[in-house]
**Q** 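Handing you a structure now.
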Amino acid sequence: MKHLAIIILAVLLCGTILFTSSRSIPPEPETVQAETIHYTDISGDYLFVQNLSETERMVHSLRGYLKDNNIQVQAFVPDEAVCYAESTWDPAKAAAFCGGPVYCVEAWDIFKNGAFQKTSYLAGRI
């Protein structure tokens, strides 16, 4: 009987702890899905995959280069932005680019016929 009482007490306490703990856990942030673009032409099958971790690195390195965390840097380049594409990332080139007050950066991995080709770095200002 004593064992049953301990088990019941343990179940009640664990249930209360779990309930209390689940209330104090903040909600998980939304998972951002990488955008993909696929097309085929006479030379092959192409897949462009947005590289979110490289884009985040670009944002941080640009802020570090500008030495100002208050500069607005967004992790996507809208269609209306004047931008450039490079095969290497250089925050100095992005900082020197003319345009508005908001910096925009993106990284895309390029695959051809299933084989990785390169990462393309886009940057601009709006």
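Numbers here simply count residues along the sequence, with the first being 1.
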**Q** Quick one: OG1 on T40 to CG on D45, what's the gap to the nearest 0.5 Å?
**A**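 Going from the OG1 atom of T40 to the CG atom of D45 covers 4.0 Å.
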**Q** Does atom CZ of F116 have more than 12 heavy-atom neighbours, drawn from other residues, nucleotides or ligands, at distances under 6.0 Å?
**A**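 Yes, CZ of F116 has more than 12 neighbouring heavy atoms, counting only those of other groups under 6.0 Å.
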**Q** Could you tell me if the ring centre of Y84 sits under 6.0 Å from that of F97?
**A**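 When the ring centroids of Y84 and F97 are compared, they turn out to be within the sub-6.0 Å range.
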**Q** For W108, does its backbone N or O pair with a side-chain atom of S120 as donor and acceptor, under 3.5 Å?
**A**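 No.
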**Q** Where is the tightest heavy-atom contact between Y65 and A92, given as atom of each residue plus distance?
**A**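 In this case the closest contact between Y65 and A92 is OH-CB, 3.5 Å.
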**Q** Indicate the atoms forming the closest heavy-atom contact of E106 with M58, along with that distance.
**A**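 Shortest heavy-atom contact: O-CE, 3.4 Å.
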**Q** Can you name the closest pair of heavy atoms from A95 and L66 and give their distance?
**A**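 Residues A95 and L66, closest heavy atoms: CB-CD2, 3.6 Å.
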**Q** Any donor-acceptor pair under 3.5 Å linking the side-chain atoms of N51 with those of S53?
**A**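 The criterion, which ignores hydrogens and geometry beyond distance, is satisfied for N51 and S53.
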**Q** Are V73 and F76 grouped together when hydrophobic residues (ILVMFWY) are joined by side-chain heavy atoms under 4.5 angstrom apart?
**A**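 Per the 4.5 Å side-chain linkage, V73 and F76 are not co-clustered.
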**Q** Look at atom CD of Q117 and say whether more than 12 heavy atoms of other residues, nucleotides or ligands are closer to it than 6.0 Å.
**A**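 Yes, enclosed.
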**Q** Nearest heavy-atom pair of A34 and V49: which atoms, and what distance?
**A**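 Shortest heavy-atom separation between A34 and V49 comes out as CB-CG1, 4.5 Å.
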**Q** For side-chain hydrogen bond (donor to acceptor under 3.5 Å, both in side chains), just list the numbers for Y121 and E54, CA-CA rounded to whole Å, side-chain angles, deciding distance to a tenth of an Å, and then say yes or no.
**A** CA-CA 9 Å; Y121 299 91; E54 189 66 6; 3.1 Å; yes
**Q** Measuring from H38:NE2 to Y46:OH, what's the distance to the nearest 0.5 Å?
**A**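 OH of Y46 is found 11.5 Å from NE2 of H38.
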**Q** Rounded at 0.5 Å granularity, tell me how far CD in E35 sits from CG in L52.
**A**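 Atom-to-atom, E35:CD and L52:CG are 10.0 Å apart.
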**Q** For the atom pair CD (Q74) and CD (Q72), what is the distance rounded to the nearest 0.5 Å?
**A**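 Answer for the CD-CD pair, Q74 versus Q72, is 6.5 Å.
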**Q** Indicate the atoms forming the closest heavy-atom contact of G44 with N113, along with that distance.
**A**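 Residues G44 and N113, closest heavy atoms: CA-OD1, 3.4 Å.
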**Q** For residues C104 and P78, determine if any side-chain heavy atom of one lies less than 4.5 Å from a side-chain heavy atom of the other.
**A**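 Contact flag for C104/P78 side chains = yes.
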**Q** Would you say that I37 contacts Q50 through its side chain, given a criterion of any heavy-atom pair below 4.5 Å between the two side chains?
**A**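 No, their side chains stay 4.5 Å or more apart.
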**Q** K112 and S43: side chain to side chain contact (heavy atoms under 4.5 Å, CB included), yes or no, with the steps?
**A** CA-CA 9 Å; K112 180 179 179 184; S43 67; 4.2 Å; yes
**Q** Any non-hydrogen side-chain atom of V102 less than 4.5 Å from a side-chain atom of R125?
**A**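 They are not in side-chain contact.
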**Q** Write down the atom of I126, the atom of A81, and the distance for their closest heavy-atom approach.
**A**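 Closest approach of I126 to A81, heavy atoms only: CG2-CB, 3.2 Å.
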**Q** Can you tell me how far CD1 of I71 sits from CZ of R63, rounded to the nearest 0.5 angstrom?
**A**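 These two atoms lie 9.0 Å from each other.
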**Q** State, without any angle test, whether S61 and W89 hold a side-chain donor-acceptor pair at a distance under 3.5 Å.
**A**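 Yes, a side-chain donor-acceptor pair sits under 3.5 Å.
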**Q** Just so I know, are the side chains of F48 and Y39 near enough to count as touching, which here means a heavy-atom distance under 4.5 Å?
**A**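 F48 reaches Y39 side chain to side chain.
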**Q** Mind checking the CG-CG spacing from D68 to L62? Nearest 0.5 Å is all I need.
**A**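 D68 CG to L62 CG: 10.5 Å, rounded to 0.5 Å.
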